[in-house]
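Take a look at the structure below.
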Amino acid sequence: MEPPQLPPQSTQCCVAGGGPAGLVLGYLLARAGVDVVVLEKHADFLRDFRGDTIHPSTLTVLDDLGLLEAFLRLPHQEVTELTGDIYGERVTIADFRHLPPPGGFLVLIPQWDFLDFIAAQARQLPSFGLRMGATAEGLVEEDGAVVGVHVREGDRRYAIRADLVVGADGRHTTIREAAGLPTEDIGAPIDVLWFRLPRDAARDPARTGGTIRPGAMLVTLNRETYWQCAFVIPKGSLARLQQQGIAAFRDRVAGLADFLAGAVGALGSWDDVKLLQVQINRMPRWFRRGLLCIGDAAHAMSPVGGVGINLAIQDAVAASNLLAQPLREGRLTVDDLAAVQRRRQWPAQVTQRAQVAIQNELLSPVLARTEAPASVPLPVRLLQRLPLLRRLPARLVGIGVRPERVRTKPVAPR
Ligand SMILES: Cc1cc2nc3c(=O)[nH]c(=O)nc-3n(C[C@H](O)[C@H](O)[C@H](O)COP(=O)(O)OP(=O)(O)OC[C@H]3O[C@@H](n4cnc5c(N)ncnc54)[C@H](O)[C@@H]3O)c2cc1C
């Protein structure tokens, strides 16, 4: 057995959080010759209730890195269109087939498989270090600048000094608070119940999409052997639902999608249903001298559109494009960090605004309804009649605004 590796005392960049943002950033910086340590508080990436989508924008990034072929060899599903059953009318909401290559589809893959894949690539680079089971517990500060991070790993405590600390510790970030950087809370009127139901590949439909009925919305992602389901509820209403009992909830789900009627029995109790408290927030300022926040830590996303992972990765790509050279050459300034926020703040805000609009204008009214509308909403009729229109939601979900390309080249560490 290999002896446990001693923690490093210093590095050029220490990333707190081994999610999509942190791991991709760690990989990209190490590939560009920067000395990086990524800290991940969990011992593995096997956590449930993370989104499972990899969008065309991320497929392009993987292609830039020469990793796409290997990535697509992992077991996954490819979704070419998103469909909806809206008050009984079937409609194709987004058609990815017309996106520029290598897009054309959305990949469904357990997020831990994606993270394991990136970690395996990164571990081949000499300047990359990943410390699993290592929690960032606070910042080391000197003369008003962040110069490192305090770490707890099992019962061992140590500090790593770094030219840059990156808070990529997700929507429950503690780095943000430790840095004294404020957050603007935008709120959300919905929560999401997240559960799995068995899928009968021979009998069940293949589509991935959603069902809307008066007072209810259900999203069903085809994961081959199971359905990953998201049931949207008004914020804070889980207790009311629980009072009605799990059997009533099973009936409600089966009433929304008849192909689930035989599967809902898998929901034995409320323990099988996980609550996601949706939150949307953002930091007015993402950085301080020696510190930068990216991904959900800088802008927690709603699950609407399932775009959070991809935005987090886009932040990582932009940060590595802008910071790799100054970091490698030991001349990083606060202006470099400001440039990352300038580049990524707008896409995050535009996406959040779209999510807020969908939550307020579409989801909340659906949840408040007791009867179906007299006719299906106009956008649904337009999508039914004008197939070309389906390219727009596909572009917004699949690529988003201001997509990033990898601009750094592989470089040997100094
Ligand atoms: C139920 C649900 C469904 C979603 N569905 C989708 C979807 O389908 N598609 C999509 O694109 N997005 C989806 N999202 C959003 C998406 O998961 C996030 O936007 C995305 O994961 C953000 O990536 P991140 O790297 O910024 O943060 P995270 O993925 O949250 O990663 C942060 C990492 O930091 C670690 N960490 C936290 N604190 C510390 C610490 N102090 N020290 C060390 N490590 C730490 C955490 O363990 C975690 O691994 C969903 C979110 C939820 C909750």
Side-chain angles (χ1 to χ4, degrees), residues 14-26 37-58 79 82 106-112 114-116 118-119 130-139 149-153 160 165-179 188 190-196 208 219 221 223 228-232 273-281 286 293-316 319 344 348 351-352 355 397-398 400:
C14 184
V15 182
L23 260 192
V24 171
L25 178 64
V37 176
V38 177
L39 306 170
E40 169 50 51
K41 70 177 179 183
H42 290 99
D44 56 39
F45 296 119
L46 270 177
R47 267 155 345 278
D48 214 344
F49 318 116
R50 292 168 160 247
D52 281 357
T53 55
I54 294 296
H55 291 214
S57 56
T58 300
V79 176
L82 298 178
L106 195 135
V107 169
L108 291 181
I109 187 166
Q111 197 183 116
W112 53 85
F114 173 75
L115 295 177
D116 273 337
I118 298 294
L130 173 60
R131 300 202 68 91
M132 300 300 290
T135 304
E137 284 207 321
L139 299 169
V149 65
H150 294 289
V151 185
R152 180 173 49 82
E153 205 175 312
I160 301 180
V165 173
V166 177
D169 51 340
R171 61 202 200 113
H172 301 297
T173 172
T174 53
I175 293 291
R176 188 168 66 192
E177 276 69 38
I190 55 164
D191 285 332
V192 175
L193 302 182
W194 202 242
F195 51 93
R196 284 179 182 193
T208 277
V219 175
L221 305 180
R223 304 308 316 278
Q228 179 66 59
C229 304
F231 187 89
V232 184
V273 179
K274 301 290 179 258
L275 171 69
L276 161 66
Q277 290 177 312
V278 174
Q279 51 168 274
I280 302 185
N281 63 40
W286 296 17
C293 292
I294 61 168
D296 267 18
H299 47 75
M301 307 302 293
S302 158
V304 167
V307 292
I309 297 167
N310 296 278
L311 265 172
I313 291 170
Q314 299 278 304
D315 283 2
R344 294 306 306 161
T351 311
Q352 286 183 329
Q355 291 182 323
V397 169

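Heavy-atom basis, side chains included; hydrogens, waters and symmetry copies ignored. In listed order, ligands and their atoms are each counted from 1.
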I'd like to know if the side chain of Thr135 reaches the main chain of Glu137, judged simply by a donor and an acceptor atom lying under 3.5 Å from each other, with no hydrogens or angles considered.
no

Which heavy atom in Val38 sits nearest to a heavy atom in Gly26, and how many Å separate them?
CG2-CA, 4.0 Å

Which atoms of ligand 1 are found less than 4.0 Å from any heavy atom of His42?
47 (O)

Could you tell me, atom by atom, which parts of ligand 1 come under 4.0 Å of a heavy atom of Ala21?
25 (O), 26 (O)

Atoms in ligand 1 flagged as close to Thr174, the criterion being non-hydrogen separation under 4.0 Å:
41 (N)

Among Asp52, Asp169, Ile54, Leu25, which one puts a heavy atom closest to atom 38 (N) of ligand 1?
Asp169

Using a 4.0 Å heavy-atom threshold (strictly under), name the region of Val307 that reaches ligand 1: side chain, backbone, both or neither.
backbone

Check whether any side-chain heavy atom of Leu108 sits under 4.5 Å from a side-chain heavy atom of Gln228, and report yes or no.
no

Main-chain N/O of Ser302 paired with Gln355 side-chain donor or acceptor, under 3.5 Å
yes

Number the atoms of ligand 1 from 1 as they appear, then name those within less than 4.0 Å of a heavy atom of Leu276, with their elements.
1 (C), 2 (C), 52 (C), 53 (C)

Polar atom proximity, Gly306 to ligand 1 (N or O, under 3.5 Å)
yes

Quick one: do Arg176 and Asp169 satisfy side chain to side chain contact (heavy atoms under 4.5 Å, CB included)? Show the steps, please.
CA-CA 9 Å; Arg176 188 168 66 192; Asp169 51 340; 6.0 Å; no

Compute the shortest N/O to N/O distance between Arg171 and ligand 1 and return yes if it is under 3.5 Å, no if not.
no

Gly306 backbone acceptor or donor facing Thr53 side chain under 3.5 Å
yes

Heavy-atom contacts under 4.0 Å between Asp296 and ligand 1: side chain, backbone, both, or neither?
both

Show the atoms of ligand 1 that are less than 4.0 angstrom away from any heavy atom in Ala168.
32 (C), 33 (C), 34 (O)

For Gly170, take its heavy atoms, then give the atoms of ligand 1 lying under 4.0 Å from any of them.
27 (O), 30 (O), 32 (C)

May I ask you to identify, for Phe45, whether its side chain, its backbone, both or neither come under 4.0 Å of ligand 1 on a heavy-atom basis?
neither

Give yes or no for whether the N/O distance cutoff of 3.5 Å, strictly under, is met between Ala16 and ligand 1.
no

What part of Ala312, side chain, backbone, both or neither, has a heavy atom within less than 4.0 angstrom of ligand 1?
side chain

A side-chain contact here means heavy atoms from C-beta on lying under 4.5 Å apart; do Phe114 and Val107 qualify?
no

Atoms of ligand 1 less than 4.0 Å from Gly295 heavy atoms?
26 (O)

Any heavy-atom pair between the side chains of Leu39 and Val15 that's under 4.5 Å?
no

Ala134 touching ligand 1 at heavy-atom level, < 4.0 angstrom:
yes

Has ligand 1 got any nitrogen or oxygen that is less than 3.5 angstrom from a nitrogen or oxygen of Met301?
no

Side-chain contact, heavy-atom cut-off 4.5 Å: Val278 with Val304?
no

Checking contacts here: is it the side chain or the backbone of Ala300 that comes within 4.0 Å of ligand 1, counting heavy atoms only? Could be both or neither.
neither

Ignoring hydrogens and geometry, is there a side-chain-to-backbone donor-acceptor pair from Gln352 to Asn281 under 3.5 Å?
yes

Of the non-hydrogen atoms in Ala21 and Ala316, which two are nearest, and what is the gap between them?
O-CB, 3.4 Å

With Leu106 as reference, evaluate Val79, Thr208, Asn310 under the side chain to side chain contact (heavy atoms under 4.5 Å, CB included) test and give the passing residue.
Val79

Could you tell me, atom by atom, which parts of ligand 1 come under 4.0 Å of a heavy atom of Thr53?
7 (C), 8 (O), 9 (N), 10 (C), 11 (O)

Heavy atoms only: which of Ile294, Val149, Ile309, Asp315 lies closest to atom 20 (C) of ligand 1?
Ile309

